[in-house]
Amino acid sequence: MQATGGCQCGQVRYVLAGESLMIYACHCHDCQRRTGSAFSEGMLIAAEQLALEGELTSWQRIADSGVEKTRHSCASCGNIMYGTAANMPGLMLLQAGTLDDTRAVQPDVHIWLQSAQQWVAVQPGVPGWQTQPDDMADMLRAAQAYRQSLA
Ligand SMILES: [Zn+2]
Ligand SMILES: [Zn+2]
């Protein structure tokens with residue numbers, strides 16, 4: 001499987017090879033602020049799956065968990081492309097909405113449902129947490145079990 005994507009101005013383009021490890025929707029207030037929307041949709045991928053061209057800028061912050069997180073955006077239009085975290089070497093959180101075709105994007109898990117907007121309806125059977133699991137491996141296992149249940 002190969003998918004393409006890019007930023008709004010077209011300066012950044014990428015090819016994503018293979019399946020993501022997990023797609024999650026995060027309803028935390030940080031993600032609501034960052035996206036200016038109701039939630040963020042991230043795809044956990046291995047860094048080597050992404051072949052990206054174009055100039056990026058990066059911005060670092062220390063999350064509530066104490067982990068340093070970096071956001072990578074188009075240097076021209078500012079479109080957020082992906083995030084990395086100091087405790088996840090070799091992995092990236094690609095912004096799912098930057099894909100050229102977003103129709104196949106469907107969350108495998110939902111996190112931070114305690115701050116979800118009132119109108120958000122989670123599809124029955126999709127694993128969810130009021131906050132987020134301490135160990136991302138738990139999220140990954142639940143996501144993969146959910147995917148298998150659909151197959
Ligand atoms: Zn751009
Ligand atoms: Zn979030």
Side-chain angles (χ1 to χ4, degrees), residues 2-17 20-47 49-102 105-123 125-147:
Q2 255 195 1
T4 55
C7 66
Q8 279 186 290
C9 78
Q11 193 258 133
V12 175
R13 294 291 303 163
Y14 65 77
V15 177
L16 172 67
S20 64
L21 303 168
M22 166 173 74
I23 300 176
Y24 69 92
C26 182
H27 303 264
C28 82
H29 189 230
D30 248 8
C31 284
Q32 290 171 345
R33 192 189 299 281
R34 175 168 66 85
T35 59
S37 187
F39 54 86
S40 69
E41 232 181 347
M43 299 174 84
L44 180 68
I45 59 167
Q49 286 181 258
L50 192 71
L52 182 141
E53 287 181 354
E55 196 190 335
L56 296 169
T57 57
S58 64
W59 181 71
Q60 267 110 15
R61 71 182 183 96
I62 305 294
D64 291 343
S65 58
V67 173
E68 186 183 81
K69 298 193 170 182
T70 307
R71 171 191 306 172
H72 306 265
S73 307
C74 170
S76 173
C77 72
N79 201 138
I80 303 171
M81 303 307 297
Y82 64 91
T84 50
N87 64 343
M88 299 189 336
L91 295 173
M92 288 177 168
L93 296 166
L94 182 66
Q95 298 286 115
T98 62
L99 287 165
D100 290 331
D101 183 358
T102 55
V105 178
Q106 185 184 326
D108 302 308
V109 287
H110 288 260
I111 55 174
W112 289 95
L113 286 167
Q114 71 176 24
S115 46
Q117 307 243 324
Q118 295 287 308
W119 50 264
V120 166
V122 175
Q123 272 189 297
V126 181
W129 283 265
Q130 287 305 308
T131 57
Q132 70 181 65
D134 292 335
D135 188 351
M136 201 172 63
D138 291 340
M139 237 168 101
L140 195 54
R141 265 192 297 275
Q144 289 177 345
Y146 175 69
R147 272 195 198 178

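The chain is numbered in sequence order, starting from 1. Ligands are counted one by one from 1 in listed order, and the atoms in each one are counted from 1 as well. Given the structure is predicted, the values throughout are model-derived calculations rather than measurements. Just so it is clear, the values below take in all heavy atoms, side chains as well, and ignore hydrogens, waters and symmetry mates.
For the pair Asp30 and Arg61, the salt-bridge criterion is met [side-chain N within less than 4.0 Å of a carboxylate O].
A donor-acceptor contact shorter than 3.5 Å links the side chain of Tyr14 to the backbone of Leu99. The closest donor-acceptor contact from the side chain of Arg13 to the backbone of Gly5 lies under 3.5 Å. Looking at Glu68, its side chain never comes within 3.5 Å of a backbone N or O of Ile62 through a donor-acceptor pair. Judged by distance alone, the side chain of Gln49 and the main-chain N or O of Ala17 form a donor-acceptor pair under 3.5 Å.
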Tell me which donor-acceptor pairs under 3.5 Å the side chains of residues 128-141 have, and how far apart each pair is, sequence neighbours excluded?
{"unit_1": "Gln130", "atom_1": "OE1", "unit_2": "Gln114", "atom_2": "N", "d": "3.3"}
{"unit_1": "Gln132", "atom_1": "OE1", "unit_2": "Trp112", "atom_2": "NE1", "d": "2.8"}
{"unit_1": "Asp135", "atom_1": "OD1", "unit_2": "Ala137", "atom_2": "N", "d": "3.0"}
{"unit_1": "Asp138", "atom_1": "OD1", "unit_2": "Arg141", "atom_2": "NH2", "d": "2.5"}

Pair up each side-chain donor or acceptor in residues 71-80 with any protein partner under 3.5 Å, not counting sequence neighbours, and list the distances.
{"unit_1": "His72", "atom_1": "NE2", "unit_2": "Thr84", "atom_2": "OG1", "d": "3.0"}
{"unit_1": "Asn79", "atom_1": "OD1", "unit_2": "Gln8", "atom_2": "N", "d": "3.0"}

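The shortest heavy-atom contact between Gly6 and Asp100 is N-OD1, 4.1 Å.
Relative ring orientation between His27 and Phe39 is described as tilted, the plane-to-plane angle lying within the 30° to 60° band.
Of all protein N, O or S atoms, those under 2.8 Å from the Zn ion (ligand 1) number 4. The number of protein N/O/S atoms found under 2.8 Å from the Zn ion (ligand 2) is 3.
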